[in-house]
Each structure stands twice: as C-alpha cells, then as structure tokens.
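Below, chain A is the first sequence line, B the second, and so on; all start at residue 1.
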Amino acid sequence: MIEAGKPATKLRSEAVEVLLERGLIHQCTDIEALDARLAEGPLTAYAGFDATAASLHVGHLMPLMTMRWLQKLGHRPIVVLGGGTSQIGDPSFRKDARPLLEERQIAANIATIRRSVERLVDMEGADGALLVDNAEWLTEFKFLEFLRDYGSQFTVNRMMTFDSVKSRLDAQMPLTVLEFCYMMLQAVDFLELAKRHDCALQVGGSDQWGNIVNGVELGRRDGRKLHGLTVPLLTTASGSKMGKTAAGAVWLHPEHLSPFGFWQFWRNTADADVARFLRLFTELPIREVERLAALKGAELNEAKKILATQVTTIVHGPEDARMALEQGDALFSGEGELSEPTHQMPLKALADGLGLLEVVVHTGFAASNGEARRLVEGGGVRINNQIVDDPRRRIATGDLAANDRLALAVGKRRKALIGFV
RNA sequence: GGAGGAGUGCCCGAGUGGCUAAAGGGGACGGACUGUAAAUCCGUUGGCUAUGCCUACGUUGGUUCGAAUCCAACCUCCUCCA
C-alpha cells in the first residue's frame, strides 16, 4: 500500500489532479492505478456514513466534497448510509465500545442524514448519485453462510495488525467480537457495491483506512481491482481537531445547527485557515481561491464571508446562505438584529419556569448546565443585548420582544434568536 | 528469561495516605484589545434535580475511619542485562 501523496508519474486524470489541488487526498491504496482508472472513463465511488448521531457534521463534509468533485467530473457517487453497520459500532481508534443504538434511533438518524446528503450530491437522472442503506444486504446474511463465505477470507492475525484496533488492545480495553467484526462488514459492503453497482473506489476519513484496506483486499481475493482513498483529518491552524466547538460538533442539519450558526462558524475561521478551507470546502476556481487568500489584513474578512457563504450554499442552499450573510452583516456592522428565529422553544416552557441556563444549552452554545453557568458568571451571556450574570435568572414573558422572540448572545460572535411557539 | 522505570483530567505533565475534582503547561471557551483574525493580558475549564450527590488518576481485588497516593495479581509501554 502506498501512503498518500504524490504520484511518481505525470497525472492522467482530471479527478486526481483536482482532488490533490483541493487538498482532499491523504492516503491512497495506489494513487497511480487510481489515476489511470479514472482517466479511462467514468468510475463509481462510494463513501459511507454511519447513523451514530442525528446529523452529519463538518468532518463529514470532506468525503462528501470528494463525492461532489467526482460527480462533477463525470463519475458516479454512491452514498452508503450505515443502517446495518450502525447496529455494530465502528471500534476504530475508540477507547471503548459505543453504546449500542436502537434500531428506531438508527432509522430516525438515517432519515435526517439522508436529507443533508441529498443536498450535497445530485440524485437526479439516470446518472445521478445513488443513496443506499447497507442494511439492505447486511441484514440478509445468515450467520453460518456469512462465516463460511467471508469469515474464511479474513485472518485474525491480519485484522489485529490495524492501528485502528491496536490502541484498544494495547490499552487492555475489551474489544468485543461484535465490534471486531465491524471491519469485515465494511469490507463486505465494498465488495457488495462492487458487485451490484460496479463500484471501484471507497472514500473515507483517515480513521477509516483500516476498514477501507480490508475491503480492497477482499475485492482482490474476488478478482477485482478496488481502490481506497482517505481524506485528511480536519484540523485548524492551531493544530486542534476541527469541527468540534466547546459546545459540540458543527452539524450540517438545520435542526441541529441553524444555517446562520453554520455560516457564523465559517465566518469565524482564523486567518491562517482561510486558504485551506476555501480549497477544501468551496468549489471556487483555484485562481479565485488564491486571489482571496492573498488578501491582507482586514480585507481577509471578505474572503471569510465568501467562504462562509459558499459553504452554506452547498450545505443549506443559496437562500439560507444569502440570509445568513445579510444577518451577519447587519449584526456586526451596526445595530442590526437577527430577523428570523434560529431556534424554537415551546411557549409553554415559560409558564413552567424556564431557566436561563436551560436556554443557553438549548441553543447549543453550551454543552451542559455547568458550562452555561460558567459562561453566565463570566459575563459572556446577553439577553436582549443586556449582560446577565445571574445563573439563576429565569426567562419570563416580559423578556420577550415582539412575536414572542428572545435575543440571546454568547460572546461576541454567537447569537441566537429564539422563537417561542 | 532476569532487573528496574512508567501508565493521571481533551492532550502533555506534577502529585506518594486526608487540606486533591487533582499543581503547571497546551488546547478550548468567556472578558479586554482588534479586523467577528492573530499575538498579548485577565478569567473559566467533570456532571447533576446542587450548601448536597455522582463520576474520574491502566484493570481487578485488598489494607485503612479515609487511597491517585499503601499492598497483591494482571495488562500495556520503556530501559538495562542474558
């Protein structure tokens, strides 16, 4: 296996060229072979997402952007929703087992994730992207058959060499057979997609490398040439994992993070990250990316707005992006206020006695009551533009503006308008 | 195979019986400054139905009124010897 990077020979495919240029390639099983294959003609590629949370987050955006580029360049994406694998839980690089999800929960998560995915890849037409659920085939297997057909293709020896499970074994934490088999299932997914849809490439996060390699190897035993590609781990210039804020992940689904909150996240990008993020998360021509990245000082703020608006357009659509841009401008240029609610809470809650902390947590600006309390005590929380430093403060009808709305701000940049209905 | 050292909170790392939800640093978040940036300075940094309760110092058991701290076994990593 070749780790990453630059092919020794000249590139032949536009796809590899674009993905490299965009910074979307971290590792590849065989970049030259993939390049040659992509140059030959349309290829079918897949990226899988487990339904472990109710929404995708910005970390998932990179494989999805890869899918978009491939589609744009004439290839066909398949997005696999892990209705089957989510029942197992991927142990990769995890210190302990995930709590097992209920089937109902998985189904609900999948429905939400599906909506985000449908925005990101074009499902229309005969050549459109496919959206499939691996429960379709994984739940069909009979245990003995599965063991005989696939269990014989894997050795425990090989499986234990993967870093993704090694950490768990080293830490002497239990790794159940259930979890250990996850990589087999993902490998089988790949082979199944190869058989059903002639899929020959799997794209995933760098933590998926082991799972992907297993699929490629399984394919080889079946006489197929499959390829694997990982996107880089998303980090900020300051070196920390990105996509998680103190209060949690940056969700793609509007119910979990409002389009305005999403826009704000990108608008708040550090100077040093602007160029890289424009490459990774927008589809602006490289020439334009370079022009924007070259802006100096405060002018870079324009580039950040363009970044935010572009990404928001891709994820939430042009309408929401435009509104977010307008609200952002109004909010930070002068006395403007949010005009549309970013969050909803039941009006009834007021009567029952609604605490300020609860509201802060509800907006996602704090992950727990304790954190919300600290924010309030530190003078970082404002209601209707007034700093409120009493954590026991309750929200009453009198706090609401017209239309039963409450303006809440945490820090200078995070603002919400809560609509009570 | 033998001898020694180590495993701590998101990360690094101090702590060798109560004053330890655990020094210090990084990161993150809030405040000041600014360009909704960076750097700098100040503050905060386990959870909860909260004058209390729960969870946390590799794992499991033990000693003790009381353990991250002592004992035993186990697991993993490092160094030295064979």
Side-chain angles (χ1 to χ4, degrees), chain A residues 59 93-97 99 160 163 165-175 233-250 260-278 292-309 312 324-338 349 352-358 360-361 363-383 385-392 394 408-416:
Chain A
F93 299 101
R94 288 182 62 92
K95 283 186 187 163
D96 45 26
M160 295 214 304
D163 285 345
V165 298
K166 245 199 262 172
S167 52
R168 182 79 146 270
L169 297 171
D170 288 351
Q172 223 243 320
M173 297 296 286
L175 176 68
L233 183 70
L234 183 56
T235 55
T236 63
S238 40
S240 62
K241 248 190 223 177
M242 198 191 115
K244 296 248 162 114
T245 63
V250 179
F260 174 70
F262 186 81
W263 187 90
Q264 270 297 307
F265 168 79
W266 294 101
R267 172 60 187 79
N268 291 331
T269 299
D271 286 11
D273 287 322
V274 171
R276 195 161 49 102
F277 288 1
L278 281 167
L292 291 169
L295 293 174
K296 290 279 177 281
E299 288 183 342
L300 251 184
N301 285 337
E302 284 312 309
K304 291 181 192 178
K305 280 189 203 172
I306 291 170
L307 168 68
T309 308
T312 308
L325 173 63
E326 279 171 16
Q327 299 211 316
D329 276 344
L331 220 45
F332 287 96
S333 66
E335 289 301 302
E337 289 301 330
L338 286 170
D352 302 342
L354 181 64
L356 171 61
L357 301 185
E358 207 180 317
V360 173
V361 171
T363 57
F365 293 158
S368 66
N369 280 350
E371 192 183 325
R373 161 174 282 110
R374 279 175 237 125
L375 284 169
V376 171
E377 285 171 349
V381 175
R382 274 164 293 153
I383 292 177
N385 271 326
Q386 294 286 311
I387 291 179
V388 178
D389 58 6
D390 176 11
R392 278 168 312 188
R394 309 208 79 85
L408 176 81
V410 170
K412 283 178 299 190
R413 310 169 221 161
R414 294 184 287 172
K415 312 204 180 203

Between [N] and [M], how many Å separate the two [atom1] atoms, rounded to a whole number?
N	M	atom1	result
B:U20	B:G61	C1'	24 Å
B:U64	B:G15	P	28 Å
B:A22	B:A82	P	48 Å
B:G5	B:G17	C1'	23 Å
B:G7	B:U16	C1'	15 Å
B:G52	B:G30	C1'	28 Å
B:C75	B:U60	C1'	11 Å
B:A56	B:A21	C1'	8 Å

Rounding to 0.5 Å, atoms CG (A:Asp273) and CG (A:Leu278) come to a distance of 10.5 Å

Note: A:Leu338 and A:Ala416 closest approach over all heavy atoms is CD1-C, 3.5 Å

Handout entry: Face-on cation placement of A:Lys415 at A:Phe260 ring, 6.0 Å and 45° thresholds
Key = no

Is the closest basic N to carboxylate O distance between A:Lys305 and A:Glu302 below 4.0 Å? yes

Donor-acceptor pair, distance only, cut-off 3.5 Å: does the side chain of A:Thr363 make one with the backbone of A:Val360?
yes

With a 3.5 Å distance limit and no angle check, can you tell me whether A:Arg267 reaches the backbone of A:Leu307 through a side-chain donor-acceptor pair? no

message = With a 4.0 Å limit, can you tell me whether A:Asn369 has a side-chain N or O closer than that to the phosphate oxygens OP1/OP2 of B:U49?
response = yes

> Using a cut-off of 4.0 Å on non-hydrogen atoms, how would the nucleic acid contact of A:Arg373 be classed: base, sugar-phosphate, or nothing?
Replying inline: base

Atom CD1 of A:Ile387 and atom C1' of B:G31 are separated, to the nearest Å, by 9 Å

Separation of B:C48 atom P from A:Glu358 atom CD, nearest Å, is 12 Å

Under a 4.0 Å heavy-atom criterion, the protein footprint on nucleotides 33-46 of chain B, written with B, S and -, is BBBBB------SS-

RNA chain B nearest-nucleotide lookup for A:Gly370 and A:Gly379: closer to the 5′ end is A:Gly379

After noting the C-alpha distance and the side-chain angles of A:Arg414 and A:Leu408, does the key distance pass the side chain to side chain contact (heavy atoms under 4.5 Å, CB included) rule?
CA-CA 9 Å; A:Arg414 294 184 287 172; A:Leu408 176 81; over 6 Å; no

